[in-house]
Amino acid sequence: MKGTFGLVLGVIACIPSALAALSNVGCSTKGVFDPFRFCQLGDIQLGFGLDGWQNDTRRMHLAAQQVNAQGFDFCIAVGDLTNDRFDYEIQAFQDTFPEFKTKVHLLPGNHDINNLATLKQFKVDYNVSDHSAFSHNGYRFILLDSVTLMSNLTEFAPYTRAEWGWFQDELESAAENGEEIVLAHHHLPFEFTEDEPDSYWTFPNRIRGKYLNLVKQYGVHHILVGHRHETKNIYASDNSFTIYVVAGTARFFDDNGFGINYFDVSSCDSATDVSQEYVHLEGAGLMKRSEGLPNGCPDIFAH
Ligand SMILES: *[C@@H]1O[C@H](CO)[C@@H](O)[C@H](O)[C@H]1NC(C)=O
Ligand SMILES: *[C@@H]1O[C@H](CO)[C@@H](O)[C@H](O)[C@H]1NC(C)=O
Ligand SMILES: *[C@@H]1O[C@H](CO)[C@@H](O)[C@H](O)[C@H]1NC(C)=O
């Protein structure tokens, strides 16, 4: 009798740990894949629109309604949350943000962070870290602060160093867990070709190669960015990954209007089973294309 009891206890004790182990071993080795959907919000950038910050805020409100109706598992906003960090812009953002009933991960852009003071302020204003990572159904989402990652400002140096180390640790631990990796950040790694010259839009060559080597080494297939105020996909020369650029809800400089990227993840094979669809912002009314190029933007480099 005593022996049987011990045996039963042993079996019961085993089950939870076996289950825990199963759910921790990443994607492809997990029994059943749980499909999920997420979205990419472009530059919300309250204060940048041609029709005033109130209308940028109205479009943020529309984005919240649209996102809520979709029932995404989560969304990622790829930086530039306000244009100038004016009190009324931050306040409008903070007032509107709770309208999202879906978890929205916030990233910084160059309009949010361009020195140490604004790096610290970002965490206060939005109650989040400037970079973070999370796992979802066998996928690891790594959200980078591309400002500190690519800047050579001396005041950022310890943050830049720490972020590169953290990034590599995240990649490594995702790989060890067998998780598929998705990256998101504000700046474009490149716009046309991997070896193009430096530009305002992209990672400087100083760090671009290092970043792209990691992307290739860890088999990353999907990179979500903003900054460009256009909506398009950019492909690696060997087609191993896609960079999704989305203009957002403040201003666009192409013919694609305001909108949101929808993603469907249907298996552990992130190379083939992550599909993307660009959907216009519903109820935005007249979408007026901005002419020229965005300018007057904060500099994040040492000269
Ligand atoms: C803001 O949008 C509304 C609705 O489309 C429009 O009537 C109004 O003129 C816009 N405001 C400005 C300053 O353009
Ligand atoms: C800030 O974030 C923490 C952790 O996510 C949360 O518990 C807390 O409620 C947040 N504070 C505010 C003011 O939103
Ligand atoms: C900092 O980086 C920028 C862009 O990569 C470059 O033009 C500049 O020369 C660098 N400055 C210093 C001091 O390294």
Side-chain angles (χ1 to χ4, degrees), residues 44-63 65-66 74-77 81 83 88-108 110 113-115 120-134 141 143 146-161 163-164 185-191 194-212 227 249-252 257-258 280-291 297-303:
I44 295 171
Q45 210 165 338
L46 303 183
F48 189 48
L50 287 174
D51 53 359
W53 65 274
Q54 290 97 334
N55 275 354
D56 293 334
T57 307
R58 194 177 68 85
R59 283 185 289 270
M60 179 181 177
H61 157 78
L62 292 174
Q65 289 188 319
Q66 188 166 331
F74 58 86
C75 291
I76 299 170
L81 306 181
N83 194 48
Y88 63 86
E89 293 172 347
I90 306 261
Q91 190 64 53
F93 191 99
Q94 289 172 344
D95 290 346
T96 312
F97 191 59
E99 292 182 17
F100 287 93
K101 300 307 171 200
T102 302
K103 168 79 183 169
V104 178
H105 298 270
L106 298 177
L107 275 170
N110 53 305
I113 294 178
N114 56 57
N115 55 30
K120 291 185 171 155
Q121 194 58 37
F122 181 82
K123 301 176 192 184
V124 175
D125 289 341
Y126 303 107
N127 190 30
V128 289
S129 170
D130 65 320
H131 61 279
S132 58
F134 62 95
F141 289 81
L143 315 182
S146 60
V147 175
T148 46
L149 196 76
M150 68 193 252
S151 171
N152 55 2
L153 288 180
T154 310
E155 64 187 298
F156 282 146
Y159 295 86
T160 302
R161 209 169 23 248
E163 190 182 2
W164 276 102
H185 44 74
H186 186 64
H187 293 82
L188 284 61
F190 59 88
E191 190 170 9
E194 286 158 46
D195 60 356
E196 72 197 17
D198 290 4
S199 82
Y200 170 73
W201 305 113
T202 60
F203 286 13
N205 277 285
R206 181 165 48 71
I207 57 124
R208 191 190 295 155
K210 179 175 166 186
Y211 170 91
L212 291 177
H227 191 49
T249 47
R251 273 174 85 167
F252 57 91
F258 300 118
H280 276 142
L281 185 68
E282 289 156 23
L286 179 69
M287 299 207 202
K288 188 173 185 306
R289 176 191 169 137
S290 294
E291 300 299 335
C297 299
D299 195 359
I300 54 165
F301 295 114
H303 299 286

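The basis for the numbers below is simple: all heavy atoms, side chains too, and nothing from hydrogens, waters or symmetry mates. All ligand and atom numbering here is 1-based and tracks the order in the structure.
In Asp51, the parts holding a heavy atom less than 4.0 Å from any atom of ligand 1 are both the side chain and the backbone.
For ligand 3, the atoms sitting less than 4.0 Å from at least one non-hydrogen atom of Pro204 are 5 (O), numbered in the order shown with element in parentheses. In the vicinity of Ala302, heavy-atom distances shorter than 4.0 Å reach the ligand 3 atoms 1 (C), 8 (C), 10 (C), 11 (N), 12 (C), 13 (C). Distances below 4.0 Å separate heavy atoms of Arg58 from the following atoms of ligand 1: 4 (C), 5 (O).
Here Phe203 and His185 bring their ring centres to under 6.0 angstrom of each other. Ring centroid separation for the pair Phe93 and Tyr126 comes in under the 6.0 Å cut-off. Between Phe134 and His105, the distance separating the two ring centers is shorter than 6.0 angstrom.
Inter-residue side-chain proximity for Tyr159 and Ile113 is flagged as unmet; no heavy-atom pair is nearer than 4.5 Å.
Judged by distance alone, the side chain of Thr202 and the main-chain N or O of Asp198 form no donor-acceptor pair under 3.5 Å. In this structure, the side chain of Gln94 engages the main chain of Asp125 through a donor-acceptor pair within 3.5 Å. For Glu196 (side chain) and Glu191 (main-chain N/O), a donor-acceptor pair under 3.5 Å exists by modelled atom type.
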Could you go through ligand 2 and list every pair where one of its N or O atoms sits under 3.5 Å from a protein N or O, giving the atom names and the distance to one decimal?
residue: ligand 2; atom: 2 (O); partner: Asn127; partner atom: OD1; Å: 3.4
residue: ligand 2; atom: 2 (O); partner: Asn127; partner atom: ND2; Å: 2.4
residue: ligand 2; atom: 11 (N); partner: Asn127; partner atom: ND2; Å: 2.7
residue: ligand 2; atom: 14 (O); partner: Asn127; partner atom: ND2; Å: 3.3

Show me, pair by pair, the donor-acceptor contacts under 3.5 angstrom made by side chains of residues 281-290, not counting sequence neighbours?
residue: Arg289; atom: NH1; partner: Asp255; partner atom: OD1; Å: 2.9
residue: Arg289; atom: NH2; partner: Phe253; partner atom: O; Å: 3.2
residue: Ser290; atom: OG; partner: Arg251; partner atom: NE; Å: 2.9

* To do: Give the C-alpha distance, both sets of side-chain angles, the deciding distance and a yes or no for salt bridge (Lys or Arg N to Asp or Glu O under 4.0 Å) between Asp51 and Arg59.
  => CA-CA 11 Å; Asp51 53 359; Arg59 283 185 289 270; 2.8 Å; yes
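Ligand 1 does not have Gln54 within reach: every non-hydrogen atom of the residue lies 4.0 Å or more from it.
Polar contact with ligand 3: absent for His303 (N/O pair, distance under 3.5 Å).
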